[in-house]
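These notes are about the structure you will find just below.
One is the number of the first residue; the rest follow in order along the sequence. All heavy atoms count here, side chains included; hydrogens, waters and symmetry mates do not.
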Amino acid sequence: MDEQALLGLNPNADADFRQRALAYFEQLKISQDAWQVCAEALAQSIYSDDHIKFFCFQVLEHQIKFKYSELTEVQQQLIRETLITWLQAQMLNPQPEKTFIRNKAAQVFALLFVTEYLTKWPKFFFDILSVVDLNPRGVDMYLRILMAVDAELVDRDVVHTSEASYFALTFEARRNTLLKDTMREQCIPSLVESWYQILQNYQYNNSELTCQCLEVVGAYVSWIDLSLIANERFINMLLGHMSVEVLREEACDCLFEIVNKGMDPIDKTKLVESLCQVLQSAGLFSIDQEDDVDFLARFSKLVNGMGQALIASWTKLIKNGDMKSAQDTLQAIEAKVALMLQLLIHEDDDISSNIIGFCYDYLHILKQLPALSDQQKANVEAIMLAVMKKLTYDEEYNFENEGEDEAMFVEYRKQLKLLLDRLAQVSPELLLASVRRVFNTTLQNWQTTRFMEVEVAIRLLYMLAEALPVSHGAHFSGDVTKATALQDMMRTLVTSGVSAYQHTSVTLEFFETVVRYEKFFAVEPQHIPTVLMAFLDHRGLRHTSPKVRSRTAYLFSRFVKSLNKQMNPFIEDVLNRIQDLLELSPPENGYQALLSSDDQLFIYETAGVLIVNSEYSAERKQVLMRNLLTPLMEKFKVLLEKLVMAQDEDRQMALADCLNHAVGFASRTSKAFSNKQTVKQCGCSEVYLDCLQTFLPALSCPLQKEVLRSGVRTFLHRMIICLEEEVLPFIPSASEHMLKDCEAKDLQEFIPLINQITAKFKTQVSPFLQQMFMPLLHAIFEVLLLPAEENDQSAALEKQMLRRSYFAFLQTVTGSGMSEVIANQGAENVERVLFTVIQGAVDYPDPIAQKTCFIILSKLVELWGGKDGPVGFADFVYKHIVPACFLAPLKQTFDLADAQTVLALSECAVTLKTIHLKRGPECIQYLQQEYLPSLQVAPEIIQEFCQALQQPDAKVFKNYLKVFFQRAKP
């Protein structure tokens with residue numbers, strides 16, 4: 001071997017050596033006999049370097065995986081012998097191999113097993129067992145090989161094929177089933193016996209091997225005959241391990257897998273009950289908080305498995321009508337509830353989380369029972385109290401810098417929420433009463449209560465909204481008991497002063513809950529000012545925490561929107577109080593604004609909503625809207641002048657961002673308008689037209705074009721909706737500026753604007769479209785024709801997206817009844833446009849663009865394809881459109897198994913149907929006598945094709961066309 005290249009395998013080697021080692025590995029993979037050198041190196045222990053040994057196994061692995069069938073019988077035998085020789089050496093070496101080498105070796109053994117077990121090596125396991133006997137190092141390798149084999153045959157997480165195609169997976173699934181069936185017949189009883197011997201031999205003197213063996217048993221139990229394991233000698237041994245500290249975690253997992261195995265419901269109940277009796281008599285059912293949490297987490301998982309297994313048995317027995325056995329099983333379930341509650345309430349969240357499945361399913365049973373016993377009611381209440389306690393944050397939770405532990409607690413809380421929702425289904429009255437009791441007790445003394453208890457009390461009220469669902473948030477009507485309870489709690493929340501609690505979690509929960517129950521303020525509007533002040537002062541938008549300010553900005557906008565007319569008395573006061581939050585903070589003053597620009601968007605939207613939904617006259621609304629937007633316009637003009645003068649690029653970017661924010665804020669205020677309250681009716685057209693005039697000059701700024709154009713373009717989109725035809729005078733000059741020095745992305749984003757105008761105003765914009773049609777097309781063609789690097793994926797993608805946008809534009813023009821825009825461009829230009837559409841339909845393997853092109857072609861045939869169409873168009877139909885309908889689907893890249901391509905074919909069928917509709921028998925004659933014969937189509941197929949085309953039902957022809965091309969393709 002190339003010793004120099006092998007130096008690069010060391011992780012500490014420099015980059016050049018590592019590169020050389022990689023190249024060498026690739027070279028060995030394609031070499032015919034390199035694997036033999038590696039096999040020899042492993043069999044004769046030539047190298048002591050761990051990385052070289054690993055490397056040799058990798059080369060062998062590649063050979064077995066991808067090139068095994070190319071080897072002769074003798075060579076295949078050599079690989080088998082190499083592995084067995086290496087295995088024999090393991091037991092004689094002074095030191096065991098590193099774990100990563102043993103694992104890689106086990107993978108190579110497993111690959112060879114999968115390849116050879118059914119044919120050339122049926123004694124695979126017996127050969128290995130005869131070598132390893134009970135030698136500890138040999139047993140270690142044997143167990144690793146078993147785990148690797150299981151991973152190959154069973155592990156669903158492994159994607160077994162490089163191209164995980166359906167057929168490859170199906171083949172692999174069939175092969176794996178056959179391997180498992182053969183193993184069950186030929187060797188599984190012997191393997192199970194070997195596991196028993198290993199456990200018996202090593203349980204007291206080698207915990208590592210014992211744990212490994214328990215892991216193997218747990219893995220195999222899911223697919224072998226359970227009676228081989230679930231028998232007295234095995235179970236007694238496993239239960240014995242439950243009392244040995246170093247073994248009990250693995251024993252727990254192994255028992256879990258046994259319990260998890262599908263079996264007859266009555267047998268399953270018996271198995272679980274016998275396990276429970278032994279575990280209980282061993283004292284494992286009394287949980288001590290101080291116990292080893294790692295073990296308890298596994299034990300909790302086991303109890304969860306036993307509980308869920310019993311519940312599954314109960315469900316099956318009820319379904320089968322065996323009420324006596326179902327009742328026995330229910331008693332067995334009830335007997336585990338006390339243990340379940342101990343685990344659920346455990347202070348360690350992992351232990352608690354592992355039992356939630358059992359708890360959830362138990363509640364599901366109770367929901368199905370006609371009536372609950374006193375004990376069951378007590379169980380429900382105990383689960384409820386446990387959930388309330390476990391929802392509470394602990395002292396260590398870091399609110400300012402949330403990391404992995406915090407994220408795990410948030411997930412755990414979501415699980416608890418599901419339990420709470422299930423509790424509400426079992427006993428809504430009990431849940432409401434419990435929450436009310438906790439809430440009232442906590443809020444009476446909130447000043448002296450710890451933050452986590454106050455937060456959870458408010459959180460429970462918040463959670464009731466989803467746990468006790470109603471339509472459209474109508475919590476305060478209907479069921480009087482519920483409505484009264486929620487109303488009382490909401491009244492307490494807003495009048496208790498708890499919004500002043502000095503902890504961000506309580507503050508946020510207060511605002512979230514107020515917004516969740518916004519309908520309360522329709523019933524008791526007298527509390528609105530109190531809550532508005534909380535939003536507007538140091539408790540909300542001016543809180544010391546940026547996180548609270550940010551969330552409050554969003555919640556405030558939702559609160560104001562939901563209250564609508566009830567905000568009337570407070571509008572001017574609120575607008576005055578948020579004045580400073582609306583300021584556009586220019587980049588140079590170094591002042592840290594209270595809100596980020598994203599948060600300010602919500603405040604601008606809120607201001608817009610307050611003005612538009614007010615009961616003021618149109619004149620007053622206009623004055624208020626002008627007061628809101630004028631500072632933005634003035635700042636914009638000043639900043640734009642500064643940008644033009646700016647030299648430093650960072651400063652240019654900062655100024656451009658600031659300008660963009662100004663446009664975005666103005667744009668956001670327009671979201672307040674609706675069909676009932678239009679810009680015109682509110683008298684605000686003039687203000688927005690002034691904004692347009694202020695913002696449009698930014699389009700001609702030569703600096704930071706992308707940022708500025710993007711902002712103004714978005715504003716134009718909004719104004720087309722809000723101002724309607726009043727926006728039209730501004731479009732030509734805006735378009736002219738946006739078409740200057742533009743790149744693929746600019747054009748791609750500009751075209752939707754033109755499409756929006758075309759679709760909305762149709763013939764009103766026809767003169768404008770005719771004028772800018774060719775300039776736009778020239779800009780598009782210029783970008784598309786730019787040379788690009790061969791491997792530049794992003795440039796290729798940008799061009800593809802631009803091409804799609806171009807065809808979408810043509811589709812909008814033709815689909816809006818404005819084909820004259822194209823027709824009036826002069827014969828040469830019209831021809832050029834038509835050829836680009838034909839090219840798009842045939843030459844580019846992009847089914848989305850192809851579909852659009854066929855839509856355009858069928859529309860043009862519909863408009864121009866009749867007897868009175870433009871001169872020469874009928875000729876174009878036969879020379880170019882008809883061939884396109886055949887050439888596109890015949891391309892190898894036109895994949896009829898792809899959904900998008902099938903849609904493109906469907907539009908191709910529509911095009912042919914439209915040609916037949918407009919040209920009649922002449923079209924059939926052309927296909928029969930000229931075009932199809934030129935493609936060497938058989939006469940009977942031509943006849944069949946023309947008959948299908950003449951069918952009145954378009955669907956018949958679409959289906960036929962797919963079959964036609966499937967047959968035509970090799």
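Closest approach of Met490 and Val514 over heavy atoms only: CE-CA, 4.2 Å. Contact detail for Leu344 and Ala386: the closest heavy-atom pair is CD2-CB, 3.7 Å. Nearest approach of Lys367 to Gln425, heavy atoms of both residues: NZ-OE1, 3.4 Å. The minimum heavy-atom distance linking Ala424 with Ala467 is given by the pair CB-O, 3.3 Å. Taking every heavy atom of both residues into account, Leu419 and Val387 meet most closely at CD1-CG2, 3.8 Å. Pairing each heavy atom of Arg184 with each of Asp181, the nearest pair is NH1-OD1, 2.6 Å.
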Checklist entry - Should Leu296 and Asp348 be marked as a side-chain contact (heavy atoms from CB on, under 4.5 Å) after you check the CA-CA gap, both sets of side-chain angles, and the distance that decides it? => result CA-CA 9 Å; Leu296 276 180; Asp348 183 274; over 6 Å; no
Checklist entry - Step by step, would you call Glu453 with Val438 a side-chain contact (heavy atoms from CB on, under 4.5 Å)? => result CA-CA 9 Å; Glu453 288 165 35; Val438 169; over 6 Å; no
Item to check | Full working for side-chain hydrogen bond (donor to acceptor under 3.5 Å, both in side chains) between Asn379 and Gln375 | outcome: CA-CA 6 Å; Asn379 289 345; Gln375 183 57 55; 3.0 Å; yes
Checklist entry - Stepwise, does the side-chain contact (heavy atoms from CB on, under 4.5 Å) test hold for Val293 with His346? => result CA-CA 10 Å; Val293 289; His346 197 284; 4.3 Å; yes
Item to check | side-chain hydrogen bond (donor to acceptor under 3.5 Å, both in side chains) evaluation trace for Gln415 with Ser353 | outcome: CA-CA 8 Å; Gln415 289 180 291; Ser353 172; 2.8 Å; yes
Checklist entry - What's the verdict on salt bridge (charged side-chain N to carboxylate O under 4.0 Å, His left out) for Arg413 and Glu455, showing C-alpha distance, side-chain angles and the deciding distance? => result CA-CA 13 Å; Arg413 258 189 157 191; Glu455 189 275 346; 2.7 Å; yes
Next on the checklist: Walk me through whether Tyr517 and His475 qualify under ring-ring contact (aromatic ring centres under 6.0 Å, His included).
Outcome noted: CA-CA 8 Å; Tyr517 291 106; His475 291 286; 5.3 Å; yes
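Between Glu429 and Arg436 no salt bridge is recorded (no basic side-chain N to carboxylate O distance below 4.0 Å). We find that Glu512 and Arg558 are not joined by a salt bridge, their nearest charged nitrogen and carboxylate oxygen being 4.0 Å or further apart. A salt bridge does not link Glu273 to Lys270: none of the charged nitrogens lies less than 4.0 Å from a carboxylate oxygen. Salt-bridge annotation for Asp294 and Arg298: absent, with no side-chain N of the basic residue lying under 4.0 Å from a carboxylate O of the acidic one. One finds no salt bridge joining Lys561 and Glu518 here, because no Lys/Arg side-chain nitrogen approaches an Asp/Glu carboxylate oxygen to under 4.0 Å. Look at Arg248 and Asp292 and you find a salt bridge, because one of the NZ, NE, NH1 or NH2 atoms lies within 4.0 Å of a carboxylate O, short of that distance. Ionic pairing of Asp264 and Lys316 is not present here: no N-O contact between side-chain nitrogen and carboxylate oxygen is shorter than 4.0 angstrom. Under 4.0 Å is where a charged nitrogen must lie from a carboxylate oxygen, and between Glu402 and Lys547 at least one such pair does.
Within the 4.5 Å cutoff, side-chain heavy atoms of Leu486 are placed close to those of Leu461. Residues Cys359 and Met340 form a side-chain contact, since some pair of their non-hydrogen atoms from C-beta on lies under 4.5 Å apart. Considering only heavy atoms from C-beta on, Thr210 stays 4.5 Å or farther from Val246 through its side chain. The shortest side-chain heavy-atom distance between Glu152 and Leu179 does not fall under the 4.5 Å cut-off. Here the side chains of Met388 and Val456 are not in contact, with every heavy-atom distance at 4.5 Å or above.
Taking the centre of each ring, Trp195 and Phe234 stay at or above the 6.0 Å mark. Taking the centre of each ring, Tyr501 and Phe451 stay at or above the 6.0 Å mark. Taking the centre of each ring, Phe556 and Phe602 stay at or above the 6.0 Å mark. Proximity of the aromatic rings of Phe399 and Tyr393 is defined here by a centroid distance below 6.0 angstrom, and this criterion is met.
Here the side chain of Trp446 pairs a donor or acceptor atom with the backbone of Ser496 at under 3.5 angstrom. Remark: side-chain polar atoms of Asp361 are not paired, donor with acceptor, to backbone N or O of Gln308 under 3.5 angstrom. Under a 3.5 Å cut-off, the side chain of Gln342 and the backbone N or O of Phe285 do form a donor-acceptor pair. Looking only at distances, no side-chain donor or acceptor of Asn260 sits under 3.5 Å from a matching main-chain atom of Phe256. For Lys261 (side chain) and Val221 (main-chain N/O), a donor-acceptor pair under 3.5 Å exists by modelled atom type. Arg549 places a side-chain N or O within donor-acceptor distance of the main-chain N or O of His543, the cut-off being under 3.5 Å. Glu406 contributes a side-chain N or O that, together with a main-chain N or O of Gly403, makes up a donor-acceptor pair within less than 3.5 Å. Side-chain atoms of Asn231 come within 3.5 Å of backbone N or O of Leu228 as a donor-acceptor pair. Proximity of a side-chain donor or acceptor of Thr495 to a complementary backbone N or O of Arg491 within less than 3.5 Å is detected. In this structure, Gln502 contributes its side chain and Ala500 its backbone to a donor-acceptor pair below 3.5 Å.
When each of Tyr554, Phe559, Phe535 is paired with Phe511, the ring pair (Phe, Tyr, Trp, His ring centres under 6.0 Å) condition holds for Phe535 and for no other. Evaluated for a side chain to side chain contact (heavy atoms under 4.5 Å, CB included) with Ser325, the options Asn320, Thr269, Ile266 yield exactly one hit, Ile266.
A cation-pi arrangement is absent between Lys519 and Phe476 under the rule of less than 6.0 angstrom and at most 45 degrees off the ring axis.
Atom OG of residue Ser300 and atom CD1 of residue Ile351 lie 7.0 Å apart, to the nearest 0.5 angstrom. With values rounded to the nearest 0.5 angstrom, Lys482 atom NZ is found 11.0 Å from Thr484 atom OG1. Atoms CG and CG, from Asp349 and Asp394 in turn, are 7.0 Å apart once rounded to the nearest 0.5 Å. Rounding to the nearest 0.5 Å gives a distance of 10.5 Å between CG of Leu302 and CD of Glu257. The NZ atom of Lys414 lies 13.5 Å from the CD1 atom of Ile356; values are rounded to the nearest 0.5 Å. Note that the CD1 atom of Ile333 and the OG atom of Ser313 stand 8.0 Å from one another [nearest 0.5 Å].
Note: Tyr412 and Phe409 have tilted aromatic rings, judged against thresholds of 30 and 60 degrees for the angle between ring planes.
Other residues, nucleotides and ligands place more than 12 heavy atoms under 6.0 Å from the CG atom of Asn398.
Checked by atom type, the side-chain pair Glu334/Gln376 shows a donor-acceptor distance below 3.5 Å.
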